[in-house]
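One structure below.
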Amino acid sequence: MNITETRRAPEPPAHIAPYVAALGVDDAVRFFLALGGADIYVPRRSSPRSIAARTIGAGNVEKLAEVIGSGYIKVPLARQWVAQVMQARGDSLAEIARTVRADVATVRRWLGPSAAAHQMDLFS
């Protein structure tokens with residue numbers, strides 16, 4: 001499901017904002033999930049054979065190079081922001097935890113009290 005079809009995407013933290021600006025929310029999420037933590041080369045002109053181009057497309061790799069510059073980069077994991085985006089899409093905590101490879105309790109802590117609101121309020 002596309003983030004634009006549901007609620008607004010959460011604001012990305014400063015260290016991943018250039019990636020989101022270059023790729024858009026959905027492609028940035030795919031990029032972080034596929035390549036997060038890896039050192040990759042971002043060329044000025046992309047080849048369709050590179051792992052980044054196979055993940056997000058050669059055109060998007062070139063857009064990324066325009067924004068962050070070409071060269072070797074370490075792709076951020078961005079797990080907490082990806083979890084926030086998935087919550088905005090309406091994904092369950094279990095699905096988010098499986099996707100970002102984190103414990104459900106960790107995801108619940110990242111997403112705050114609204115994510116754990118499965119207990120009814122005693123005084124309402």
Side-chain angles (χ1 to χ4, degrees):
M1 182 184 306
N2 200 337
I3 191 66
T4 56
E5 295 172 8
T6 59
R7 296 186 287 173
R8 254 178 63 97
E11 193 68 31
H15 71 289
I16 63 171
Y19 297 89
V20 178
L23 303 174
V25 173
D26 294 322
D27 284 335
V29 167
R30 275 198 355 253
F31 184 67
F32 295 138
L33 289 175
L35 299 174
D39 291 319
I40 64 167
Y41 182 73
V42 177
R44 197 174 308 271
R45 294 187 45 91
S46 182
S47 155
R49 295 182 324 216
S50 74
I51 189 163
R54 289 192 312 257
T55 303
I56 58 172
N60 279 338
V61 172
E62 291 172 6
K63 286 182 200 175
L64 186 60
E66 289 174 13
V67 173
I68 67 169
S70 60
Y72 284 95
I73 62 164
K74 181 169 177 126
V75 179
L77 291 172
R79 294 184 326 156
Q80 189 168 350
W81 180 77
V82 169
Q84 292 169 348
V85 169
M86 292 181 71
Q87 180 189 34
R89 290 179 180 162
D91 292 334
S92 70
L93 285 177
E95 179 66 24
I96 294 168
R98 282 192 305 272
T99 302
V100 299
R101 306 293 294 162
D103 190 81
V104 174
T106 301
V107 172
R108 193 175 294 122
R109 188 177 66 244
W110 287 344
L111 299 179
S114 65
H118 51 270
Q119 183 173 350
M120 294 179 64
D121 186 18
L122 182 62
F123 301 106
S124 53

Heavy-atom side-chain proximity of [X] to [Y] below 4.5 angstrom:
| X | Y | value |
| --- | --- | --- |
| Trp110 | Val100 | yes |
| Ile73 | Tyr41 | no |
| Val85 | Val25 | yes |
| Arg45 | Glu62 | yes |

Starting at [atom1] of [X], measure out to [atom2] of [Y] and round the result to the nearest 0.5 Å.
| X | Y | atom1 | atom2 | value |
| --- | --- | --- | --- | --- |
| Trp81 | His15 | CH2 | NE2 | 10.5 Å |
| Leu77 | Phe32 | CG | CZ | 9.5 Å |
| Leu35 | Ile56 | CG | CD1 | 7.5 Å |
| Leu93 | Thr106 | CG | OG1 | 11.5 Å |
| Asn60 | Asp27 | CG | CG | 4.5 Å |
| Met86 | Ser92 | CE | OG | 8.0 Å |

Please find the pair of heavy atoms, one from [X] and one from [Y], that lie closest to each other, and give the distance.
| X | Y | result |
| --- | --- | --- |
| Ile40 | Ala52 | CD1-CB, 4.1 Å |
| Ser46 | Ala58 | CB-O, 3.6 Å |
| Pro10 | Gln84 | CG-CB, 3.5 Å |
| Ala34 | Thr55 | CB-CG2, 3.6 Å |

Check your understanding: Should we say atom CZ of Arg54 is surrounded by more than 12 heavy atoms from elsewhere, each under 6.0 Å from it?
Key -> yes
**Study point:** Pairs satisfying side-chain hydrogen bond (donor to acceptor under 3.5 Å, both in side chains), at least one member in residues 71-80, at least two apart
**Key:** none
Point to revise | Under-4.0 Å salt bridge between Asp26 and Arg89 | key: yes
Practice item. Ignoring hydrogens and angles, tell me if any N or O in the side chain of Thr99 forms a donor-acceptor pair with the backbone of Glu95 under 3.5 Å. Key: yes
